[in-house]
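Worksheet: one structure, shown below.
Every value quoted in this text rests on a predicted model; they were computed, and no experiment measured them. Labels below follow one simple rule: chain letters A, B, ... track the order of the sequence lines, proteins then strands, and each chain is numbered from 1.
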Amino acid sequence: MTGTREWPVWAVWTVLTGTSLLGFLLAEGQAPAKVAATAAILLAAVKIHLVFDHYMELRWQHRPLRQMLAVWLAVVTVILLGGYWAA
Amino acid sequence: MHGKAENSGIEGARLAVIPGDSGVWVFIFADMCAFAVFFLLFSVGRVAQPELYEAARQQLDLQLGLANTLILLTSGAFMAAAARTARAGNVQGTLHNLLLTLGVGSLFGLSKAVEWSAKFNHGIGLTTNEFFTYYFVFTGIHFLHFVIGLGVLLVLIARVRDISVQGGAMDGASLRWIEAGGAYWHMVDLLWIVLFAMLYLMRAA
């Protein structure tokens, strides 16, 4: 997780918006398809991690719940990346 | 030393706390697991028919997909701000942030209506092909969650408005409602983040 310090909401929003725009620009741009798609999935994982920590406020609360959500995120990331690279 | 020990105690207590209500988190996790199965089905389908999935993906409107993402992230930011103002005991600030969460979030419904109607106008529907079956089913189920979320927000706004009208203070039960409602609303955010990457952004080589 990203530590116990509470980020300002606008800072979290800025990072989430920036990573969303980056994923979009990579998908729309001239980057190689595999690089763009892999980056889009990894950026989505980063965004979800930030939502868990700072929007859902789980960064320092209830370790078992955090671990369950971290496992969910890892499984979903593997499903999407595995499906993409296997195709 | 005394301050440090006291802080450790508070920190320890916070580590055991679930924001909102544990029942809501059970529901949220079960729902997220159901969506993980959807993502698995989509990935398996994509492996079997990569050309069809890529051709169908190119018919999606990436700009609208990005707009949907930014709308939900912005609405989520106001929801997070509402939880913080509620915890600080600021009733007016909480009401203001909840209204902004609802106002900005409602734009998602408008955007989805525009996107789906454009697809239908182009003759694309649930039975067009496997990709679009998944597209409409997954985004439709997600939309249902969004509509439920709007209902939750209306309940929260009514509750906080009552406190405001009566000139009361934010109580523990109301704070738990706001945290639980917020957790649900953020689940709607994060499921869309995955759907956006999976359906719109995964460009095939």
At their closest point, which heavy atom of B:A197 faces which heavy atom of A:A44, and how far apart are they? CB-CB, 3.9 Å

Measuring from B:H186:NE2 to A:E57:CD, what's the distance to the nearest 0.5 Å? 7.0 Å

Select, from A:P32, A:S20, A:A33, A:G23, the one with the greatest count of heavy-atom pairs under 4.5 Å involving chain B. A:A33

For B:A83, which atoms come within 4.5 Å of any heavy atom of chain A: side chain, backbone, both, or neither? side chain

Which region of B:F39, side chain (C-beta onward) or backbone (N, CA, C, O), has a non-hydrogen atom less than 4.5 Å from a non-hydrogen atom of chain A, or is it both or neither? both

Compare every heavy atom of B:L190 with every heavy atom of A:V51, then report the nearest pair and how far apart it is. CG1-CD2, 4.1 Å

Minimum heavy-atom separation for A:M56 to B:A183, with atom names? CE-O, 3.4 Å

If I measure from the heavy atoms of chain B, does A:L26 come under 4.5 Å with its side chain, its backbone, both, or neither? backbone

Flag yes if more than 12 heavy atoms outside B:R159 fall under 6.0 Å of its CZ atom; otherwise flag no. yes

Does B:Y200 use its side chain to pair, donor to acceptor, with the backbone of A:F24 at less than 3.5 Å? no

Against chain A, label B:S22 side chain, backbone, both or neither, depending on which of its atoms sit under 4.5 Å from a heavy atom there. neither

Go through the atoms of B:Q63 and report whether side chain, backbone, both or neither lie under 4.5 Å from a heavy atom of chain A. both

Which atoms of A:L16 are under 4.5 Å from chain B, going by heavy atoms: the side chain, the backbone, both sets, or neither? both

Sorted by number, residues from residues 78-85 of chain A in contact with chain B (heavy atoms, under 4.5 Å): A:I79, A:L80, A:G83, A:Y84

Under 3.5 Å donor-acceptor pairs involving side-chain atoms of residues 103-110 of chain B, not counting sequence neighbours:
residue: B:S106; atom: OG; partner: B:L102; partner atom: O; Å: 2.6

Highest number of heavy-atom pairs under 4.5 Å with chain A: which of B:M79, B:R84, B:R46? B:R84

Let me confirm one number: the OG1-CG distance from A:T14 to B:L73, rounded to the nearest 0.5 Å. 11.0 Å

Quick one: of B:P50, B:A77, B:S43, B:A81, who has the most non-hydrogen atom pairs under 4.5 Å with chain A? B:A77

Option that, when pairs with chain B are counted at under 4.5 Å, heavy atom only, ranks first among A:A27, A:A37, A:A40: A:A27

So, the part of B:L66 with a heavy atom under 4.5 Å from chain A: the answer is side chain

Please rank A:L69, A:V12, A:L43 by heavy-atom pairs under 4.5 Å with chain B and give me the top one. A:L69

So which atom in B:T69 and which in A:K47 form the shortest heavy-atom distance, rounded to 0.1 Å? CG2-NZ, 4.2 Å

How about A:W13: does its CH2 atom have over 12 heavy atoms from other parts shown lying under 6.0 Å from it? no

Can you tell me how far CD1 of A:I48 sits from CE of B:M187, rounded to the nearest 0.5 angstrom? 12.5 Å

Closest non-hydrogen atom pair, B:A36 against A:W72: CB-NE1, 3.7 Å

Show the nearest heavy-atom pair for residues A:H54 and B:A80, with the distance to one decimal. O-CB, 4.4 Å

Return yes when atom NE2 of B:H96 has more than 12 non-hydrogen atoms of other residues, nucleotides or ligands closer than 6.0 Å, and no otherwise. no

